[in-house]
*Asks:* 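This is the structure I have questions about; it appears just below.
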Amino acid sequence: MGSLDFSNYEMLLAEAGRYHGDVCAGIQSGTRMTMCGLRRLGITDPLGPDRHKLMVFVEIDRCATDAIMALTGCRPGKRTMKIRDYGKMAATFILLGTGRAVRVARKESKNASGVDPLPDFATAPDEDLFSITEVEVPLRPEDMPGKPIRWSRCGHCGETVLDGREIKVSGQAFCKPCHEKANYYRTR
């Protein structure tokens with residue numbers, strides 16, 4: 001992939017669509033969310049010189065997340081994207097090392113028949129499409145990209161829990177599923 005012009009919606013939309021497999025409303029929304037978040041933080045090339053400056057928290061596990069991944073290069077496996085599936089069409093873009101963060105959430109605009117019409121993502125102003133809020137995101141060293149800095153063993157299942165995700169009860173560490181007594185569906 002060559003250099004992307006982060007002010008060119010149509011080019012970014014095409015790139016996000018290639019990554020996702022098609023262009024749908026979620027890809028359109030995620031493309032504009034990305035443009036808005038990056039512009040607010042002053043990031044012009046997240047796939048080039050700015051690639052180590054950005055982390056994104058997404059709040060949905062749908063198409064918009066693919067657009068954000070395709071255009072920013074942020075990924076869960078690189079620990080630069082955190083998926084908090086709240087079912088909201090929203091993402092928080094964080095400029096690492098500065099404490100600056102902006103949350104971009106899609107505005108819903110129901111018409112008289114109760115239908116949310118698809119806005120014109122190509123031309124509508126950011127403020128018409130999104131609620132844009134400067135926020136604080138407390139990041140711990142365990143949340144940052146890089147190798148695990150801490151691990152523990154679950155006192156119930158014995159599996160390893162990385163990066164402070166364990167839950168301590170009376171001095172003993174547990175993984176979240178064991179602590180919540182959430183069982184996987186066993187087939188045997």
*Asks:* Name the residue from R150, R153, K176 that meets the side-chain hydrogen bond (donor to acceptor under 3.5 Å, both in side chains) definition with E166.
*Replies:*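 Of R150, R153, K176, side-chain hydrogen bond (donor to acceptor under 3.5 Å, both in side chains) with E166 is met by R150 alone.
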*Asks:* If you measure from CE on M35 to CG on L13, what distance do you get to the nearest 0.5 Å?
*Replies:*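 Rounded to the nearest 0.5 Å, the CE-CG separation comes out at 10.0 Å.
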*Asks:* Could you state the interatomic distance from OG (S152) to CZ (R165), rounded to the nearest 0.5 Å?
*Replies:*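 Here the rounded value is 11.5 Å.
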*Asks:* Tell me, do L12 and L4 make a side-chain contact under 4.5 Å, heavy atoms counted?
*Replies:*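 SC-SC contact between L12 and L4 confirmed.
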*Asks:* Can you list, by chain and residue number, the hydrophobic cluster partners of L162 when the side-chain cut-off is 4.5 Å?
*Replies:*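 Besides L162, the hydrophobic cluster comprises W151, listed by chain and residue number.
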*Asks:* Quick check: do I94 and L139 have side-chain heavy atoms less than 4.5 Å from each other?
*Replies:*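 Yes - at least one pair of side-chain heavy atoms lies under 4.5 Å apart.
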*Asks:* Is atom CZ of R79 surrounded by more than 12 heavy atoms (other residues, nucleotides or ligands) closer than 6.0 Å?
*Replies:*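 Enclosed.
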*Asks:* Is there a side-chain contact between T34 and T72 in this structure, where contact means two heavy atoms from C-beta onward sitting under 4.5 Å apart?
*Replies:*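 With C-beta onward as the side chain, the pair touches.
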*Asks:* Give the minimum heavy-atom separation between L38 and P46, together with the two atoms involved.
*Replies:*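 Nearest heavy atoms, L38 then P46: CD1-CG, 3.7 Å.
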*Asks:* Would you say H20 and C63 make side-chain contact, with heavy atoms under 4.5 Å?
*Replies:*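 Of all side-chain heavy-atom pairs linking C63 with H20, at least one is under 4.5 Å.
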*Asks:* How about V104 and D126: do any of their side-chain heavy atoms sit closer than 4.5 Å?
*Replies:*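 V104 vs D126: side chains apart.
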*Asks:* With clusters defined by side-chain heavy atoms of hydrophobic residues (ILVMFWY) lying less than 4.5 Å apart, directly or transitively, does M81 cluster with Y19?
*Replies:*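 Yes.
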*Asks:* For the OG1 atom of T44 and the CZ atom of F6, what is their distance to the nearest 0.5 Å?
*Replies:*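 CZ of F6 is found 8.5 Å from OG1 of T44.
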*Asks:* Using a 6.0 Å cut-off, check whether atom OH of Y86 has over 12 heavy atoms from anything other than its own residue.
*Replies:*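 No.
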*Asks:* Do NZ/NE/NH1/NH2 and the carboxylate oxygens of E59 and R84 come within less than 4.0 Å?
*Replies:*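 So E59 does not pair with R84 through a salt bridge.
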*Asks:* E142 and D163: which non-hydrogen atoms are nearest, and at how many Å?
*Replies:*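 Heavy-atom minimum between the residues: CB-O, 3.3 Å.
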*Asks:* I need the K88 NZ to R103 CZ distance, nearest 0.5 Å.
*Replies:*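 The NZ atom of K88 sits 5.5 Å away from the CZ atom of R103.
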*Asks:* Does a side-chain heavy-atom distance below 4.5 Å link R106 with S29?
*Replies:*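 Yes, side chains in contact.
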*Asks:* Give a yes or no on this: more than 12 heavy atoms of other residues, nucleotides or ligands lie within 6.0 Å of atom CD of E127.
*Replies:*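 Atom CD in E127 is crowded, with more than 12 foreign heavy atoms closer than 6.0 Å.
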*Asks:* Enter the distance from M11:CE to T31:OG1 here, rounded to the nearest 0.5 Å.
*Replies:*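 That separation rounds to 12.0 Å.
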*Asks:* Side-chain contact, heavy-atom cut-off 4.5 Å: K107 with D128?
*Replies:*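 With C-beta onward as the side chain, the pair stays apart.
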*Asks:* Ignoring hydrogens, what is the shortest heavy-atom contact between C175 and C154? Give both atom names and the distance.
*Replies:*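 So the minimum-distance heavy-atom pair works out to N-SG, 3.3 Å.
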*Asks:* Ignoring hydrogens, what is the shortest heavy-atom contact between I27 and D22? Give both atom names and the distance.
*Replies:*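 Here I27 and D22 meet closest at CG1-O, 3.7 Å.
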*Asks:* Just how far is it from atom CG of L96 to atom NE2 of H52, taken to the nearest 0.5 Å?
*Replies:*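 The distance works out to 11.0 Å.
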*Asks:* Can you confirm whether T80 sits close enough to V56 that some side-chain heavy atom of one is under 4.5 Å from a side-chain heavy atom of the other?
*Replies:*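 A side-chain contact is absent here, since even the closest heavy-atom pair is not under 4.5 Å.
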